[in-house]
Amino acid sequence: MAPLIDDVTAEILLRLPPDETEHLFRAALVCKPWLRILCDPGFLRRYRAFHGAPPLLGLLHRLRVIDGDAPARFASTTSVPDFPHPSSDGRRTRPLDCRHGRVLVRMLEHDDMDYLVWDPITGDRHAVPAPDIEWLIESAAVLCAAEGCDHLDCHGGPFRVLFAATHDYEDTICASVYSSETGAWTEPVCLDNSCETFVKHMREGEAYRRCYTPYLHPKRGTLVGDAVYFTVRLGNAIVKYDLGKNSLSMIDPPPHTMYYIALMAMEENNSLGFAYIKDSSLYMWSRKVDTEGPAEWVQYRVIELEKTVPVAKQDEKPFVVGSAEGVGVIFVCTGAGLFMIKLSSGQLKKVDEPGVYFSVLPYMSFYTPGMILALAYLLSFIFFTASVCLLSQLV
C-alpha cells in the first residue's frame, strides 16, 4: 500500500508551481516520505519535464553607458530572498547576461579576473579572461554548451560566452566566443562590406552623421535557434551572430517608424520577434522567414495597456525593457516601477521599485529542495575529506 501512497503523493507534488518555490520547501518539511520524494532524482527529472521551461526566480539589469552601472542588487521575483550580488565585497561589477542557469558578470575592479560566470543556485564560479578585441561598447551572452542538453537543468557542465562589441577605433562590430572546454577565445569576426545590409546601414548612418559609428546597444542578446541577435542604436538595425557558422551579419531591420524596440524570441514559431509600446498599446512583431522569398516582419499581437500598467505621471510613456523566454513574460518600466506582464493571461506584477532601467536580465532556474540538499551533501563531503587530510598530516 505504501508504494501506491508514494505514487499518489508524487503526482500531487509534481503539480506544485515551480515559480512559487516556498511551496516545495514547505512540502519537504511535512514528513520524511515527502522529503524523500522531493529529493529523488527521478522525481526531479519528471518535475522539470512536466513544467517545461525553468521558472523566473529573479533579475538583474543593465543601464545605458551614459547612466553608469545599475545598483548592486539581484532582485527576487518570488518569495525566496534576494540572491547575493557578486559585488557584495564593494567592488564594481556589471552584469551582462543571465541564461541557462548562469549569470555573466564583468568584474570591473578585480585584478584576478575579467569576467565571471556564476551559478547562483550552486555557487559555482568560473573566471573568464577578456577577449582579444579593442572595444567601445559591449554586449555578451552566456550559453550552455552541453551536447543534447534540454536546458531545463543547466547546472555545471561546459559553457560558452559570446562577446559582441562595437570596435574601439574601427567603424564595425566584432564578436568572439569563449569555450570553457578549451579555455580560449575564437579568432574575432567582424562585419564588413561583404554584408550588403551592413553597407546600407553604414551609408544611412553617414547620411545622418558624417562620422558615424555603429553603436551596439548594451542590451541582453536574444537567442533563437543557433543564433544570437543584438540591436544597434540607429534605425532598429539588428546584428546576428551564427554560433554554428561563427559568422556575423546584419538582417533587414523593422520599419524605422517604430521606436525603442526590444527583441524577443517568439515561442510559437521559434522565430525572432520584437515588442514596443506606442500610445497605450503593446505591439509584438515576428520575423517570418519564407524559403521561397525574403524574410519579412509581420504584426503578431496587440495588447492594450491603458488601464493595465501604472504610471507616475499622466503623460508618461512606458517602455519595454526585456522579456523572459519560455515563460511568456515581457518587462515594462514606468515611473511607478518595473512590471512584468504574462502574455498568456495579461496578468501584471510589480517586480522592482522605480528606477532607471534599460535592459532586464531575467534569471531562470528550477530551485528545489533536492538541489539544495545535494549541494549541502557535497559541501559536507568536501569538508570531511579536507578534515581527514588535515588530521593525517598532523598525526
Side-chain angles (χ1 to χ4, degrees), residues 17 19-20 53 55-64 67 70 73 75-78 98 217-222 224 229-231 233 235-236 238 253-269 271-288 296-364:
D19 57 348
E20 297 177 11
L56 177 67
L57 296 183
L59 54 90
L60 296 154
H61 65 95
R62 290 195 66 181
L63 301 179
R64 295 178 301 173
D67 293 323
R73 179 166 175 258
S76 172
T77 56
T78 70
C98 297
H217 269 143
K219 291 184 176 183
R220 181 176 186 253
T222 300
V224 179
Y229 298 85
F230 304 93
T231 53
R233 190 174 67 179
N236 292 332
I238 299 174
H256 292 191
T257 54
M258 302 172 185
Y259 299 100
Y260 306 110
I261 68 169
L263 298 183
M264 60 185 295
M266 308 301 289
E267 299 163 22
E268 291 80 0
N269 54 10
S271 66
L272 178 67
F274 68 88
Y276 76 103
I277 294 176
K278 182 179 179 182
D279 298 327
S280 60
S281 299
L282 171 68
Y283 293 85
M284 288 181 286
W285 287 59
S286 175
R287 189 168 186 256
K288 182 180 179 182
E296 60 176 342
W297 294 98
V298 294
Q299 185 172 294
Y300 172 74
R301 187 177 175 186
V302 180
I303 300 177
E304 294 298 327
L305 299 178
E306 185 174 2
K307 298 180 181 179
T308 304
V309 181
V311 295
K313 300 177 181 178
Q314 189 173 3
D315 59 347
E316 185 181 358
K317 296 181 179 179
F319 293 97
V320 180
V321 289
S323 61
E325 60 272 11
V327 294
V329 164
I330 283 183
F331 296 97
V332 175
C333 74
T334 72
L338 178 66
F339 302 87
M340 71 176 188
I341 301 173
K342 287 191 175 182
L343 298 177
S344 59
S345 62
Q347 180 184 358
L348 181 80
K349 179 182 178 181
K350 185 175 181 178
V351 291
D352 215 342
E353 296 305 315
V356 180
Y357 298 95
F358 185 62
S359 179
V360 167
L361 312 177
Y363 178 73
M364 292 173 287

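Remember, it's a predicted structure, so these values are computed and weren't measured experimentally.
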Minimum side-chain heavy-atom gap [X]-[Y] below 4.5 Å:
{"X": "L343", "Y": "M284", "value": "yes"}
{"X": "I261", "Y": "P254", "value": "yes"}
{"X": "P310", "Y": "F339", "value": "yes"}
{"X": "V302", "Y": "L282", "value": "no"}

Just verifying a value: how many Å separate [X] [atom1] and [Y] [atom2], rounded to the nearest 0.5 Å?
{"X": "T334", "Y": "K350", "atom1": "OG1", "atom2": "NZ", "answer": "8.0 Å"}
{"X": "T231", "Y": "F274", "atom1": "OG1", "atom2": "CZ", "answer": "12.0 Å"}
{"X": "K288", "Y": "E296", "atom1": "NZ", "atom2": "CD", "answer": "5.5 Å"}
{"X": "M266", "Y": "T222", "atom1": "CE", "atom2": "OG1", "answer": "11.5 Å"}
{"X": "Y229", "Y": "I238", "atom1": "OH", "atom2": "CD1", "answer": "8.5 Å"}

| query | Does the side chain to side chain contact (heavy atoms under 4.5 Å, CB included) test come out yes or no for V327 and M364, once each step is laid out? | reply | CA-CA 9 Å; V327 294; M364 292 173 287; 4.1 Å; yes

| field | I330 and M264: CA distance, side-chain angles, deciding distance, side chain to side chain contact (heavy atoms under 4.5 Å, CB included) verdict | value | CA-CA 9 Å; I330 283 183; M264 60 185 295; 4.0 Å; yes

| Heavy-atom closest contact (R73 atom, L60 atom, distance) | O-CD2, 3.4 Å

| task | Grab the two heavy atoms, one from P362 and one from V360, that are nearest each other, plus how far apart they are. | result | CD-O, 3.3 Å

Would you say [X]'s side chain and [Y]'s backbone share a donor-acceptor pair under 3.5 angstrom?
{"X": "T77", "Y": "L56", "result": "yes"}
{"X": "K219", "Y": "G322", "result": "no"}
{"X": "N236", "Y": "P255", "result": "yes"}
{"X": "S359", "Y": "R62", "result": "no"}

| Below 4.0 angstrom, N of the basic side chain to O of the carboxylate: do E325 and R220 qualify? |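 Looking at E325 and R220, the cut-off is met.
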
| field | side chain to side chain contact (heavy atoms under 4.5 Å, CB included) partner of V332, the single match among V321, I341, L348 | value |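 The residue from V321, I341, L348 that satisfies side chain to side chain contact (heavy atoms under 4.5 Å, CB included) with V332 turns out to be I341.
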
| remark: Of Y357, F358, F331, the one forming a ring pair (Phe, Tyr, Trp, His ring centres under 6.0 Å) with H61 is Y357

| Quick one: side chain to side chain donor-acceptor pair (under 3.5 Å) pairs with a partner in residues 271-285, sequence neighbours left out? |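 Of all non-adjacent pairs touching residues 271-285, those that pass side chain to side chain donor-acceptor pair (under 3.5 Å) are N269-S271, S271-S286, S281-E304.
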
